[in-house]
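See below for the structure under consideration.
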Amino acid sequence: MKIVMTLFMFLVLSISGALAEESAQINLPDGAVARLGKGYVREVLYSPDGTHLAIVSSIGIWLCDTTTYRAVALLGGQTGGINSLVFSPDGKTVATSDGRDNTVRLWDAETGESKRILTGHTETVDDVAFSSDGKLLASGSWDGTVLLWKVTDYGELDK
């Protein structure tokens with residue numbers, strides 16, 4: 001009996017997963033090719049090469065592959081709302097600023113894995129930006145400071 005119930009549950013979950021995947025494409029407006037992300041969407045940003053799309057939502061940050069129209073990762077670990085998101089110029093790193101824990105986080109844009117958490121601000125980090133050559137990352141905060149970080153080792157530069 002346990003085997004039958006296990007097989008039944010597996011079948012139900014498999015079918016519902018397949019239907020959920022297909023339902024993302026049902027009833028799309030004219031001209032739309034896919035429905036991505038979940039939750040309240042706050043920001044959408046393409047990677048520099050256009051292969052990835054970052055969707056900042058109330059659930060987290062979804063990284064989607066623009067060739068398959070599928071989510072490849074959900075970035076997690078930040079405790080508050082995301083105030084800012086930016087791709088590095090080479091598209092390999094995503095930097096985010098958190099609205100509650102005063103940090104900047106760096107993520108691998110391919111895998112969604114956390115690379116580093118940058119601390120140093122004493123209030124909400126409102127914005128992040130990479131320099132055009134990708135060697136520096138700037139973070140601006142409600143504490144009235146802009147911190148510059150060396151991208152090679154993410155050590156804070158002299159203030």
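Side chains are part of it too, since the values below use all heavy atoms of this structure and drop only hydrogens, waters and symmetry mates.
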Task: Leu75 vs Arg105 side-chain heavy atoms within contact, under 4.5 Å - done: no

- [ ] Tell me, please, which residues at least two apart from Ser132 pass side-chain contact (heavy atoms from CB on, under 4.5 Å).
- [x] none

- [ ] Could you pull out all residues at least two apart from Ser131 that satisfy side chain to side chain donor-acceptor pair (under 3.5 Å)?
- [x] Asp133

TODO: Under the side-chain contact (heavy atoms from CB on, under 4.5 Å) rule, what do Leu137 and Val104 come out as? Steps first, then yes or no, please.
DONE: CA-CA 10 Å; Leu137 176 70; Val104 173; 4.0 Å; yes

Task: Distance, nearest 0.5 Å, that separates CG of Asn83 from OG1 of Thr124 - done: 6.5 Å

Open item on the list: If I compare all heavy atoms of Cys64 with all of Ile55, which pair ends up nearest, and what's the gap?
Closed with: SG-CD1, 3.9 Å

Open item on the list: According to side chain to side chain donor-acceptor pair (under 3.5 Å), who are the partners of Ser114, at least two apart in sequence or on a separate chain?
Closed with: none

- [ ] Give the minimum heavy-atom separation between Ser47 and Asp49, together with the two atoms involved.
- [x] OG-OD1, 2.8 Å

Open item on the list: Ignoring hydrogens, what is the shortest heavy-atom contact between Leu85 and Ala54? Give both atom names and the distance.
Closed with: CD2-CB, 3.7 Å

Open item on the list: I'd like to check the side-chain contact (heavy atoms from CB on, under 4.5 Å) partners of Asp143; sequence neighbours left out, ordered by chain and number.
Closed with: His121, Thr122, Glu123, Ser141, Thr145

TODO: Find out whether Leu136 and Trp149 are in side-chain contact, i.e. whether some heavy atom of one side chain is under 4.5 Å from a heavy atom of the other.
DONE: no

Open item on the list: Any heavy-atom pair between the side chains of Ile61 and Thr96 that's under 4.5 Å?
Closed with: yes

Task: Approximate separation, where rounding is to 0.5 Å, of Leu106 CG and Ile117 CD1 - done: 9.5 Å

TODO: To the nearest 0.5 Å, tell me how far Leu45 CG sits from Leu53 CG.
DONE: 8.0 Å

- [ ] List in chain and number order the residues that pass side-chain contact (heavy atoms from CB on, under 4.5 Å) with Ser88, two or more places apart in sequence or in another chain; answer none if no residue qualifies.
- [x] Asp90, Thr93, Phe130

Open item on the list: Let's go through Thr111 and Leu63 carefully: what are the C-alpha distance in whole Å and the side-chain angles of both, what is the deciding distance for side-chain contact (heavy atoms from CB on, under 4.5 Å) to 0.1 Å, and is it a yes or a no?
Closed with: CA-CA 9 Å; Thr111 65; Leu63 290 180; over 6 Å; no

TODO: Kindly give the heavy-atom pair with the smallest separation between Gly91 and Pro48, and that separation in Å.
DONE: CA-CD, 3.8 Å

TODO: Rounded to the nearest 0.5 Å, what's the gap from CG on Asp65 to CZ on Arg70? Could you check?
DONE: 10.0 Å

TODO: Quick one: pull up NZ in Lys135 and CG in Leu148 and give me the separation to the nearest 0.5 Å.
DONE: 15.0 Å

Task: Path from Tyr46 to Trp62 over hydrophobic side-chain contacts below 4.5 Å - done: yes

Open item on the list: To check you understand the geometry: which heavy-atom pair defines the closest contact between Gly120 and Leu147, and what is its length?
Closed with: C-CD1, 3.9 Å

Open item on the list: Please give me the minimum heavy-atom distance between Lys92 and Lys115, naming the atom from each residue.
Closed with: O-NZ, 4.2 Å

Open item on the list: For Asp127 and Ser84, which I'm curious about, is there any donor-acceptor pair between the side chains at under 3.5 Å?
Closed with: yes

